[in-house]
Peer 1: 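Could you have a look at this structure, given as C-alpha cells, before my questions?
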2 protein chains.
Amino acid sequence: MTKPERVKTADVHAVDVNPVDVILAKRRGEAHDRAALDAFIGAYQRGAVADYQVAAWLMAVVWRGMSDAETADLTQVLADSGERLDLAGLPHPVDKHSTGGVGDTTTLVVAPLVAALGATVAKLSGRGLGHSGGTIDKLESIPGFGATLSREAFLRQAREVGIAVTGQSADLAPADGLLYALRDATGTVESIPLIASSIMSKKLAGGAKHLVLDVKSGSGAFMKSDDDARELARAMVRIGQRAGLAVRAVRSRMDEPLGRAVGHALEVNEALAVLRGDARGGAQNALREVVVVLAFELLESAGLVSGRAEVEAALDDGRALTRFERWIDAQGGDVSQLDRLEVAPDRATWTASASGTLRRIDAERVGVAVSRLGGGRAKKGDAIDLGVGAVLHARVGDEIAAGDAIATLYHRGGRGLEGALAALAGAAEVGPPLTPEPVVIEVLR
Amino acid sequence: MTKPERVKTADVHAVDVNPVDVILAKRRGEAHDRAALDAFIGAYQRGAVADYQVAAWLMAVVWRGMSDAETADLTQVLADSGERLDLAGLPHPVDKHSTGGVGDTTTLVVAPLVAALGATVAKLSGRGLGHSGGTIDKLESIPGFGATLSREAFLRQAREVGIAVTGQSADLAPADGLLYALRDATGTVESIPLIASSIMSKKLAGGAKHLVLDVKSGSGAFMKSDDDARELARAMVRIGQRAGLAVRAVRSRMDEPLGRAVGHALEVNEALAVLRGDARGGAQNALREVVVVLAFELLESAGLVSGRAEVEAALDDGRALTRFERWIDAQGGDVSQLDRLEVAPDRATWTASASGTLRRIDAERVGVAVSRLGGGRAKKGDAIDLGVGAVLHARVGDEIAAGDAIATLYHRGGRGLEGALAALAGAAEVGPPLTPEPVVIEVLR
C-alpha cells in the first residue's frame, strides 16, 4: 500500500513531558490522563524519550495495569500516531480480528459472506508468525493473487467488489509498531491493557464502523486460559464503546485446530469447501460454526440481517462463493486454479497409538509440526512453504482405533518431517468417551 | 587515579543468555542464580544486552524484589565487573559509607580518628549532588589539597599516613555505574536490593575488610522513613555477611542538619572544632556523637579498641587532629591555612518568626538553601562555590525568641539569596517544649 493522504495526523501536543515522572507515576500505580499519554508516546515517536524509558514504563504497566479510561486513551493516542483510513463513504464498513489460532481460516469465508450480504470489508491483514498462519500468506497460495494494493486500488475495489484485503501499512498506528517491537524484546508482551490497546489502535485507524473480534482460548491460542481471554475480550469491547466503534467479541475454543486443514494451500481448500456449503456447522464443523457466528454478529450489528438463517443461506446458495471468486479475481488471482492449488507432493501419516475416543488434539503442537515442515516463520521475513501442512481425519469426540490415521502430513521430500512427528508425539490423547464442548463459548457485546 | 592493575577481572562466563528469559523470570517473581546474573550483567557490559532490556528488568526488580542470596550475588557480579583494590597488605583496612545527609562531615573526623588508633583508611570518595555535600568537595576548600592520586601514591600514602582519600575510579564496579545511570533515567532508583547492591559493590571492590555504614533517615536523608532505612541497613549488613566483609550499620537521624555548619569550607571548620575536642557529644553535638559511634564500631570490629572512652580520648588529646594535619599535608593541603579557609564575605540572617522551643529544622530545605547560594550541584560536573553556606545557631530542643537568628547565611553579593530564604520559609517550627531524640537510633551488626 503506498503512503496515503493523512486523515488525521499525530496530534502531538506541545506539553513538556518528563519521562521519569511518567514512569514514576505508573510505578506508584497512578493512572495517566490522555494529555500525559499523548505527550509521552508523542515524545517517544519523535525520539525525545528513549527506548529504555518506555521499556521501564511498559514493565510498570504490566505490574500496575491500566484503568479502562487509560487503556482507551492509550488506544486513541496510538491510533492517532499515524494516518486513519477514512472508510465513511463505503456501505457498512466492517472488520474482523482474530487473536490467532491454528487451522483458523475464518477470514477467507467471513469476508465474502458478509460482503454478499451488503457489508464492505476493506481490510488490512497480517502475515503469520510462529505456529499461527496469516491470511495474506494463505491468499498467496492462489496463483497470481496480489496482496499489495495502492490506496486508490484498495478503496476502488472495496467499493466495487465489497472486499479488498491488503498487507498491514506502516502508516497505520506507527507508534503501536514501535511499542510492539519493544514489548517483544523486553518481556512485556503479555498484558491485557497493552494487548487490547495494540489491537484496537490498528482497528480504530483502519476506519471500519463495526468490528467483530474472535478471541480464542486454549492450548493453540495466545491466551491459554479462559479467564485471560474473557478479560481481553471485555477490555477490547470497552475500548470500542469509548471510541464509538460497534464491537462484539466472540469467544471460541482453540484447543484442537479449528478446521481440519492446517497449512496455507490446504486451508484455502477447506475455506472453499465451507463456501460451497459442503458441510454443516456444529461440533463436526467448527470452522463453519465460527464463520457463521462471526458473520452474523457483524451483519446484525450493521443492521443487515436479523437472524442466523439469512447468513447460512448465503453460504448454502453460493452467494458467498461467487463473491469470493470476484474478490480473488479482482486481486489478480487465477480463479480457474482454485481446485488445483499446489500442495506438497509427499505424504506421511500421524497415527493413533491406542483405541478409544479422541479426547485431545493439541492445536499448538499441530501448528508447530506444520511450521517445522516449512509452513511457518520463526521470525518476520522468513520464506515459507505454502504447500506443506496437515489434514486431520478425526476431531475430539470421534472414535478411533490404534494405528488409524489422525492426520496426513503433506511434506516435501521429508524436509522437517522428523521434527514434525516429534512435535506430534503425545499431542493426541485417546480414552473413554467424551462429548466435545461447543466451539463458540460466548458472545460479548 | 590512573588505571591500576586488575586484581580480578570481570569473570564473564561463556553462558549464553537470553535477555527476554531473564526479564520474564523476574517478571514472574523468580529469583535469579549467580550464573544468570553473571551472564546477564556481563552481556550488558559487552553491549550484547540492550539498555531497554535492562530497564525492563530493573522495573521488574523494583516490582518483585530480590532474595538475600540474589542481592548478594548481584553485588558480587557488580563488584567483579572491574578491578578490585587489594588492600590486604595494609594494617586493618577499614571503610565507611554514608547514605548522604546535610551538614554531615563525619568522614573528615572519622578517618583521622580511626587512623590515629591503628586502622588504615584507603578510601574512594565522591562529590556532592543535589542537597548533599561530598567529602572530596569539602577537602578541596583547603588550599592545595589534591584529590587525584595515582594508585601508587594512594597506596603509599595509606601505608605511611594511615589515610588516603581519592576520587571515585571508573575502574571500580563499572557495571554498577552503567546500571546507576540507567536507574536514574528510568524511575528505578528507589529499590532496597538495587540501592544495597550498588553501594556494597563499590565497597567490596574497594578492598577494605571492615566497613561501617551510616544509614540516615528523616527529612534530609535519601530514605525518608525509618522502616525503609532499617530495611536498607539490614540488606547491606546481610550482603557483607555473605561476602565475608565485617559490616556494621549505624542508623542515625537526619531531620535537622547533623552539624551546625552546612557548606564546604564551613563544614571543614566544624570538623576541625570536633578534632580539637572543642565540644562534647550528645544531643548538643550530634556530629561528635555520630563520629564517635562510627569510629568505635569500625575500631571494635577491627579489634583495635574495646570501649568508647578510648575513641573519645584520641579526639580529646589531639591525636586525631595531628593525624588529620598529616593527611592534609600528604595530599598537598596547606595546613597553615586551616584556620583561614576562604568563606563567602556577605552575611544574611534566617530568623525565628515566633518564640518558644525549636521543634523542627528541615535539613533538606537547609541543604537546598545552601545549594541555591551556589554551594550545590544540580548535575554532575557543575562548578560549585565552596565558601557559601549556613551556620545554625540553634538545634531542635533549644529555646528561641521571635526575631532571633536561627542561622547565618554566608553568601556572595546576594547571589541566590532570595531563593535560599524562600527555601527556608517554613523550614523551622517553634512551639511547646520538646526533648530531642538521640541522633543515633541503633547499630545493626
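The chains referred to below are lettered A, B, ... by the order of the sequence lines, with proteins before strands, and numbering in each begins at 1.
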Peer 1: Which atom pairs, one donor and one acceptor, sit under 3.5 Å between chain A and chain B?
Peer 2:
| residue | atom | partner | partner atom | Å |
| --- | --- | --- | --- | --- |
| A:R27 | NH1 | B:G187 | O | 3.0 |
| A:R27 | NH1 | B:E190 | O | 3.0 |
| A:R27 | NH2 | B:E190 | O | 2.3 |
| A:Q53 | NE2 | B:A185 | O | 2.9 |
| A:A185 | O | B:Q53 | NE2 | 2.9 |
| A:G187 | O | B:R27 | NH1 | 3.1 |
| A:E190 | O | B:R27 | NH1 | 3.0 |
| A:E190 | O | B:R27 | NH2 | 2.3 |

Peer 1: Output the option from A:A60, A:A56, A:A50 having the highest count of non-hydrogen pairs under 4.5 Å with chain B.
Peer 2: A:A56
Peer 1: Please report the shortest heavy-atom distance between A:A55 and B:A55, naming the atom on each side.
Peer 2: CB-CB, 4.3 Å
Peer 1: Counting only non-hydrogen atoms closer than 4.5 Å, does A:L24 touch chain B with its backbone (N, CA, C, O), its side chain (CB onward), both, or neither?
Peer 2: side chain
Peer 1: Non-hydrogen atoms of chain B under 4.5 Å away: do they reach the side chain of A:V62, the backbone, both or neither?
Peer 2: both
Peer 1: Got A:L58 and B:M59 here, is their nearest side-chain heavy-atom distance under 4.5 Å?
Peer 2: no
